[in-house]
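Letters go in sequence order (proteins before strands), and every chain restarts at 1.
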There are 2 protein chains.
Amino acid sequence: MAQTEENENQEKEAQILDAACSEFLAHGKNGTRMQGIADRAGVNKALVFYYFHSKDLIFQAVVDRNFRMLIETMTMNVDFTAPAESIIRQFTHNHIGVIAKNRELFQFFSGEIWMNPEELINGISVSLKKQTKAVYSGFEARIAAAVQKHEIRSIQPLQLLLNIVSLDVFYFIAAPIIFSLTGTSAAEQKRIAQKREDEVADFIWNAIKYEGGNGI
Amino acid sequence: MAQTEENENQEKEAQILDAACSEFLAHGKNGTRMQGIADRAGVNKALVFYYFHSKDLIFQAVVDRNFRMLIETMTMNVDFTAPAESIIRQFTHNHIGVIAKNRELFQFFSGEIWMNPEELINGISVSLKKQTKAVYSGFEARIAAAVQKHEIRSIQPLQLLLNIVSLDVFYFIAAPIIFSLTGTSAAEQKRIAQKREDEVADFIWNAIKYEGGNGI
DNA sequence: GTCTATAATTCGATAGAC
DNA sequence: GTCTATCGAATTATAGAC
């Protein structure tokens, strides 16, 4: 009996959080209404306050859950013992994959990064930061080694990381505007999107692969 | 007398629009208060409505003014008769220059693109669209010619444009988060920023320059 | 825990005096 | 054209019954 009640409670709380994710992702922090969250969760508005106390707090809960997922997926599953080209392709595949699957989420953060930069950065838990720094350290060491071994040309690891992330990610923010400004047809847009992952990976690899004695 | 009055009137209207730019850029559309605009302009709130009628309309006025400036600067002043490498460097220089000088403005649009995509895209005037399309046609033709002449390797012009814009622009959105996640010191951040323009131009050129008979 | 009802506030917008 | 005063709608948040 107690078990059943507990499950039901947890279930409603989870329903509310799920609904909050959908609403905040669709409308941003300012655009989301507590009533909208309640409606989507199928509960009374007061219950949202009962579980989450305020709009700020439920927003923070949404940010925590999703930002963690996004960062974890973008830093995970890269085998640093592989050849440099393979690492680049793994990164690009991971990034574009997770963003394409979570377009809304990603665009949400692109907006909120600018509206509440401190809130977002401070919201990153210490453990997640540590974990991400560890992955970056691996990347940095591997790139430095690749430069030394003439796998790739000389490049600063952090600049390379910025380049990779920019190419993987910015497409999902800017493509609508650029397609509109260049007058690109819907069919052409689709073709561009389908080829995007390979194009980006080729582009990065061409940019960094070692080409002999001239040093650059 | 009539002259003086007219000047004063125009002056107040201009003050209000200037104030609106600052407020919308700082707080976004939803975050901006009509009272805040009035305060910053040093006028009464009712006067803001007298000149601009509604929040939507003054927002549109702000978007029109700034978006036009941004797009014009980003597409201007590129000499398509120059060598391909020089064109790449001109583009990168223009983009990074205008964004660095208008960080706030640019980040504002990155946020609003997602909140109100139609409003932004529809807000682009027909003449500006035409002008931008013409520049893009020049770019497209020049890239196609460069491929044929073996100045650069084979690449779709639109993919290349997306790559250039991504590399030039995304740094200004993502750098804070990436620096935070990688634990980059302030001094190192400064060094990265100073070298960014050259790094990006080199990266792009290395990625596309022609390297002999293997075709890619 | 869950609901109804409502308080409290914020904010866009307008009426009307000058 | 510029101001004061205020309306009315929307929205967060809470009090209190069940």
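The heavy-atom pair separating A:F52 from A:A61 by the smallest distance is CE2-CB, 4.4 Å. The minimum heavy-atom distance linking A:M34 with A:S54 is given by the pair CE-C, 4.1 Å.
Rounded to whole Å, atom C1' of C:dG12 lies 15 Å from atom CG of A:N30. Computed from coordinates, the A:F52 CZ to D:dT14 P distance equals 16 Å when rounded to whole Å. Straight-line distance from the CG atom of A:L57 to the P atom of D:dT12: 14 Å, rounded to whole Å. Look at CZ on B:F49: it is 17 Å from P on D:dG1, rounded to the nearest Å. Counting to the nearest Å, the P atom of D:dT11 and the CD atom of A:E23 are 12 Å from each other. In this structure, CD of B:Q35 is placed 14 Å from C1' of D:dT6, rounded to the nearest angstrom. One atom, NE2 of A:H27, and another, C1' of D:dT11, lie 15 Å apart when rounded to the nearest Å. The CG atom of B:D39 sits 12 Å away from the P atom of D:dC3 (whole-angstrom rounding).
The six-membered or imidazole ring of A:F24 lies away from that of A:F108, with a centre-to-centre distance of 6.0 Å or more.
Using cut-offs of 30° and 60° on the angle between ring planes, the pair A:F91 and A:F139 is perpendicular.
Under 4.0 angstrom from either OP1 or OP2 of C:dT14 there lies no side-chain N or O belonging to B:Y50.
Applying the ring pair (Phe, Tyr, Trp, His ring centres under 6.0 Å) rule to A:F109 yields the partners A:F67; only residues at least two apart in sequence or on another chain are considered.
Both B:G42 and A:H53 sit near DNA chain D, but only B:G42 has its closest nucleotide nearer the 5' end.
A:I192 has its side chain within reach of B:L162: a pair of non-hydrogen atoms, C-beta onward, lies under 4.5 Å apart. Inter-residue side-chain proximity for B:L17 and B:V62 is flagged as met; some heavy-atom pair is nearer than 4.5 Å.
A donor-acceptor pair under 3.5 Å links the side-chain atoms of A:Q107 to the main chain of A:F172, judged by distance alone.
Ranking C:dT2, D:dT14, D:dT2 by closeness to the B:L47 side chain, first place goes to D:dT2.
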All N/O pairs under 3.5 Å across the protein-nucleotides 5-11 of chain C interface:
residue : atom : partner : partner atom : Å
C:dC11  : OP1  : B:R33   : NE           : 2.5

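Under the side chain to side chain contact (heavy atoms under 4.5 Å, CB included) rule, A:T75 has a single partner from A:T132, A:L70, A:N94, which is A:T132.
Listed in residue order, the members of residues 59-66 of chain B having a heavy atom less than 4.0 Å from DNA chain D come to none.
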